[in-house]
There are 2 protein chains.
Amino acid sequence: MPSLRLALAQVNSTVGDIAGNAASVRRWTRRAADSGAQLVAFPEMMLTGYPIEDLVFRDSFVAASQDALRQLATDLAADGLGDVAVVVGYVDADGPAPTSSDAVRGRGRRDASALLLGGKVKATYFKHHLPNYGVFDEDRYFEPGDSLTVVRFGGIDVALTVCEDVWQAGGPFAAARRAGVGLVVNINASPYELNKDEVRLPLIQRRAAEAGATVAYVNMVGGQDELVFDGDSVIVNARGELLARAGQFAEELLVHDVEIEPAPATGTPPPAPATSAESLRGEDSGADDMGIERVELDQQPRPVTDGPAVGGIAERITDEAEIWSALTLGLRDYVDKNGFRSVTFGLSGGIDSAVVAAIAVDALGPERVVGVSMPSGYSSAHSKDDAADLAKRTGLDYRTEPIQPMVDAFLANMSLSGLAVENLQARVRGVILMALSNQEGHLVLTTGNKSELAVGYSTLYGDSVGGFNPLKDVPKTLVWKLARWRNADAARRGGEPPIPESSITKPPSAELRPGQVDSDSLPDYEVLDAILTGYIDRDEGRAELIAAGHDAALVDRTLRMVDIAEYKRRQSAPGTKISIKAFGRDRRLPITNRFREGV
Amino acid sequence: MPSLRLALAQVNSTVGDIAGNAASVRRWTRRAADSGAQLVAFPEMMLTGYPIEDLVFRDSFVAASQDALRQLATDLAADGLGDVAVVVGYVDADGPAPTSSDAVRGRGRRDASALLLGGKVKATYFKHHLPNYGVFDEDRYFEPGDSLTVVRFGGIDVALTVCEDVWQAGGPFAAARRAGVGLVVNINASPYELNKDEVRLPLIQRRAAEAGATVAYVNMVGGQDELVFDGDSVIVNARGELLARAGQFAEELLVHDVEIEPAPATGTPPPAPATSAESLRGEDSGADDMGIERVELDQQPRPVTDGPAVGGIAERITDEAEIWSALTLGLRDYVDKNGFRSVTFGLSGGIDSAVVAAIAVDALGPERVVGVSMPSGYSSAHSKDDAADLAKRTGLDYRTEPIQPMVDAFLANMSLSGLAVENLQARVRGVILMALSNQEGHLVLTTGNKSELAVGYSTLYGDSVGGFNPLKDVPKTLVWKLARWRNADAARRGGEPPIPESSITKPPSAELRPGQVDSDSLPDYEVLDAILTGYIDRDEGRAELIAAGHDAALVDRTLRMVDIAEYKRRQSAPGTKISIKAFGRDRRLPITNRFREGV
């Protein structure tokens with residue numbers, strides 16, 4: 001059987017930085033060539049970054065992507081890399097620039113993959129299955145492609161596919177079987193969710209079996225606003241066997257030799273019947289028959305001159321390590337890609353800000369992290385001690401700004417009581433952090449966890465102030481779990497646990513009035529998080545939650561809190577998605593909404 | 001020819017208030033019956049409100065809609081209204097509750113229309129064309145229906161259709177012609193945009209000609225978060241003639257007798273060919289052939305006992321009147337549907353807050369409006385005078401809260417300079433307004449116009465503080481135009497112009513440092529708004545803007561300001577959409593975005 005040396009370039013691209021992304025392709029193609037690779041595949045929308053959202057409606061943007069693709073082919077040849085087949089994602093459009101009305105309806109824009117060789121764009125393919133659920137709006141943006149592109153290269157038939165194509169039976173993978181291809185290259189920008197890797201691999205294995213071909217799956221890595229791409233690229237053969245697997249959350253070049261069924265002689269009819277339709281969770285029946293476009297390349301793959309390349313199978317990391325990696329990468333890329341030098345946030349001594357501090361220090365290094373203790377008259381001594389202790393453990397830049405003089409100025413000039421006074425303290429802290437940001441240029445982080453965001457347990461324009469929230473999708477119980485994991489991990493490595501033990505063990509409190517603790521207003525977090533996961537992540541209603549064993553009164557109280565906090569979430573900072581349903585693009589609810597479960 | 005007395009119930013429904021919406025149907029059906037109507041049509045998603053967004057994924061919500069529909073049929077009969085055919089929109093679902101995975105992919109949910117008669121649900125239809133552009137995400141939520149429902153009622157064949165069905169050639173209207181129907185009932189939740197009425201009527205006229213049938217188009221009225229539904233319901237005959245038209249922005253029952261081609265005797269083959277495909281702006285070619293489901297009703301229409309009903313043709317109002325109506329309705333419904341008693345905002349004496357004050361007073365009455373003057377050392381005497389003058393003219397509740405003592409408290413405790421001091425003033429004002437809101441229960445309004453929001457000319461958590469922004473989609477030049485129109489309109493009616501002349505004529509200034517005016521930092525607003533309209537509303541790039549005659553350096557500066565302000569817009573308050581592209585659901589851009597036009 002013929003063999004092909006594949007390289008999967010699991011790299012980090014930046015939305016809109018088309019020149020920088022093209023330069024990255026050249027850099028990694030050089031590395032691939034140095035490893036003897038004959039074909040290197042880059043992620044979906046590598047040239048533009050992903051997701052580009054409504055940028056796709058701007059003709060100038062699409063034209064820049066198209067121009068960059070052609071220029072990249074030329075530049076690779078000039079680099080002496082014209083003998084490596086490069087598969088790369090970009091945005092394309094049909095024919096001349098569409099009119100504004102067409103643009104509104106998303107007509108003619110394509111989520112595209114191209115194969116570059118010998119200084120030319122030799123083949124293109126347009127994504128067939130467009131996801132339009134969760135965080136995805138691709139029906140808004142793209143027209144689906146309706147034919148599979150098959151490239152004959154070095155005696156092997158290679159099909160080009162994109163991302164969602166692998167998530168549904170039928171369509172491109174059924175067409176790949178009809179076309180009798182030996183290899184399917186599937187380029188991805190598939191965002192991280194906890195345990196998604198456990199779904200992805202069996203899925204790719206089913207598709208490989210469906211196509212009767214080796215599948216090379218390459219995924220992007222890096223953070224983009226609320227999304228983190230986790231890599232986890234794989235090569236699976238036609239029998240569904242895992243041949244090679246890259247690591248998670250880091251750039252990597254996975255190079256592996258694959259043995260591939262040769263293409264039939266030109267003119268031979270393709271092998272017989274398509275696989276029977278699958279009826280798997282969330283996968284289509286595959287009724288849609290696609291056409292097949294064949295491209296024959298004269299140029300032969302560059303010769304392999306050294307011994308065999310074996311990509312190896314990277315070990316999976318634990319759930320907590322996965323999440324920690326996602327949160328640090330999401331924060332680092334938000335900070336760096338948006339050009340911030342440093343971050344700041346309120347360091348209260350509580351668990352949320354302690355975990356944010358540890359994430360920030362891991363992501364950016366302690367010299368780029370400014371923690372601000374902003375004690376009030378209600379702040380306990382242990383809070384201030386814990387904040388200072390954390391600063392000492394992590395080495396971050398630690399400041400203290402007592403809030404009482406500013407709070408008193410408001411109280412002296414307005415008649416405020418109760419909740420208004422509690423919120424005032426949080427808002428004075430918000431003003432201090434924003435003033436520091438304006439004065440010194442830090443990005444302000446907000447530290448409210450998912451449970452708080454769900455029930456509205458925060459002060460709008462107070463502790464919610466900030467440009468990014470590392471804990472936005474992390475429920476409170478998971479915040480504690482991550483803190484324990486991070487400390488234990490440090491101990492395992494012989495380092496200092498960053499989070500003071502008492503920040504983990506003490507009862508959580510907003511400290512906005514004497515003796516206040518969260519449990520005055522909220523159910524126990526174990527109970528609360530279980531209800532929230534049902535209501536938010538799984539769209540369960542009151543009856544289902546009660547049937548699952550939750551107390552009816554508690555369910556009613558919790559659901560009502562979630563419902564009436566929608567206006568706060570609408571103005572909340574972005575933060576990294578790690579769950580199946582994150583607040584943000586992923587969950588779109590009206591603010592004005594009188595529906596009350598069970599009423 | 002047989003005649004049918006139609007009633008179009010152009011009414012205001014509330015998202016999630018299923019019981020209240022059903023009660024509204026009963027109330028308006030009673031009025032329709034009192035007018036002798038034989039068929040009354042209510043808007044799309046009347047029972048649930050529109051848009052329900054991700055509520056559709058909750059089985060309990062869909063079940064509540066389905067139950068309410070059946071109960072409504074029963075209740076109407078119990079009300080003695082069982083002899084009126086009631087067409088009403090709701091959300092339906094196929095078969096048993098779908099699994100969570102299906103729910104995520106939006107499978108089996110339907111945007112539905114039902115015909116109720118004699119205490120029963122006699123017929124249902126599922127929307128065929130699902131809009132997935134602009135503010136719409138219907139591919140996320142619904143499965144398209146693939147057959148047209150035709151109900152034979154009193155010798156007339158009536159087709160049921162929903163909203164977007166009328167915006168595209170082919171599909172339901174082509175099927176209606178094949179089915180030989182006499183009347184197409186099209187129920188809508190079609191959001192207002194300036195001049196949309198000028199597009200809608202010709203469109204409906206084309207569809208009436210395509211179907212060869214009378215079209216009864218009923219639209220919702222009212223505000224829902226960022227959308228306002230404007231009514232403007234019409235009846236058009238098969239020759240495209242406008243027979244009756246309701247007013248805009250108010251609930252109304254349009255009752256009109258229509259003469260309709262009788263249905264052929266049962267068993268007669270339907271008349272011949274479908275109309276040729278249209279190639280109009282944004283309309284499909286109509287290639288999709290739908291099935292036809294026929295329902296024959298035994299029950300005859302209730303007899304008409306009085307003289308002819310003529311709905312009349314409401315006059316169109318001016319552009320400024322339209323926009324003012326949209327903004328007042330949008331604000332009133334946000335306030336009332338969310339249960340607020342009153343609103344508050346900073347009254348600076350400038351044009352933006354003056355126009356917001358006039359809108360709020362028109363929407364809610366002066367007794368529900370609290371204007372707060374928050375002068376600083378940099379506030380001019382004329383600003384304070386203008387604010388007080390406006391308060392006197394409108395009768396709103398006027399307060400003064402000088403900010404200097406609080407600003408000084410921050411300055412005494414932190415080392416701040418330049419922009420940090422400017423923003424500090426705006427943020428102290430934000431804290432004051434939120435404290436008033438917490439203390440007294442007002443909804444805080446923010447008053448930044450669309451031009452400011454576009455270029456980021458605002459202080460995050462400062463003047464941007466608020467739960468709703470009436471001017472969010474109103475460019476600065478339009479703010480002035482509306483102010484002049486509102487004053488002139490008052491004069492025409494013999495009332496007092498609400499807005500002080502000097503608020504309109506003086507140069508705009510944020511008054512955050514001595515002698516500051518907007519023109520220090522921004523281009524002239526006439527020029528700025530023209531660039532912004534091209535860049536934002538029409539997705540034009542740098543080259544197109546320069547080709548349109550704009551100064552290149554000014555274009556570059558403006559585009560850069562817009563691009564880097566995305567993070568502020570992401571945390572901005574909702575506000576009423578009046579343009580073709582509003583900030584919010586309508587325009588989705590990444591925050592992290594390094595694309596710079598022309599670089």
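Just so we're on the same page: letters track the sequence lines, and every chain starts at 1. Bear in mind that the values here come from a model prediction, so they are computed numbers and not experimental data.
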Does any heavy atom of chain B fall under 4.5 Å from the side chain of [X], the backbone, both, or neither of them?
X      : answer
A/A543 : neither
A/Q439 : both
A/P51  : backbone
A/V428 : both
A/F61  : both
A/T459 : neither
A/E540 : backbone
A/A573 : both
A/N21  : neither
A/T14  : side chain
A/L55  : both
A/I403 : neither

For [X] and [Y], which heavy atoms make the closest approach, and how far apart are they?
X      : Y      : value
A/N132 : B/R140 : ND2-N, 3.2 Å
A/A409 : B/P405 : CB-O, 3.9 Å
B/P574 : A/Q571 : CD-NE2, 4.4 Å

Output yes when a side-chain donor or acceptor of [X] lies under 3.5 Å from a complementary backbone atom of [Y], and no otherwise.
X      : Y      : answer
B/D54  : A/R588 : yes
A/D17  : B/R594 : no
A/Y461 : B/G466 : yes

If you count heavy-atom pairs under 4.5 Å with chain A, which of [options] comes out on top?
options                        : result
B/K568, B/Q224, B/E544         : B/Q224
B/A420, B/P590, B/G223         : B/P590
B/V421, B/T592, B/N438, B/L589 : B/T592

Gap between atom [atom2] of [Y] and atom [atom1] of [X] - 0.5 Å precision:
X      : Y     : atom1 : atom2 : answer
B/R596 : A/I18 : CZ    : CD1   : 12.0 Å
A/Y133 : B/F57 : OH    : CZ    : 11.5 Å
A/F595 : B/S65 : CZ    : OG    : 9.5 Å
B/I591 : A/E53 : CD1   : CD    : 9.0 Å

Who among [options] has the most heavy-atom pairs with chain B under 4.5 Å?
options                        : value
A/N423, A/T48, A/D137, A/V465  : A/V465
A/N413, A/D408, A/V56          : A/N413
A/E401, A/E226, A/R570, A/M414 : A/M414
A/G541, A/A63, A/A435          : A/A435
A/R585, A/E440, A/E422         : A/R585

| message | Within the 3.5 Å criterion, strictly below it, is a donor on A/R58 or B/Y535 matched to an acceptor on the partner's side chain? | response | yes
| query | A/L424 versus B/V431: any side-chain heavy-atom pair under 4.5 Å? | reply |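 In contact.
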| Per-residue contact mode, B/I52 against chain A (heavy atom under 4.5 angstrom) | backbone
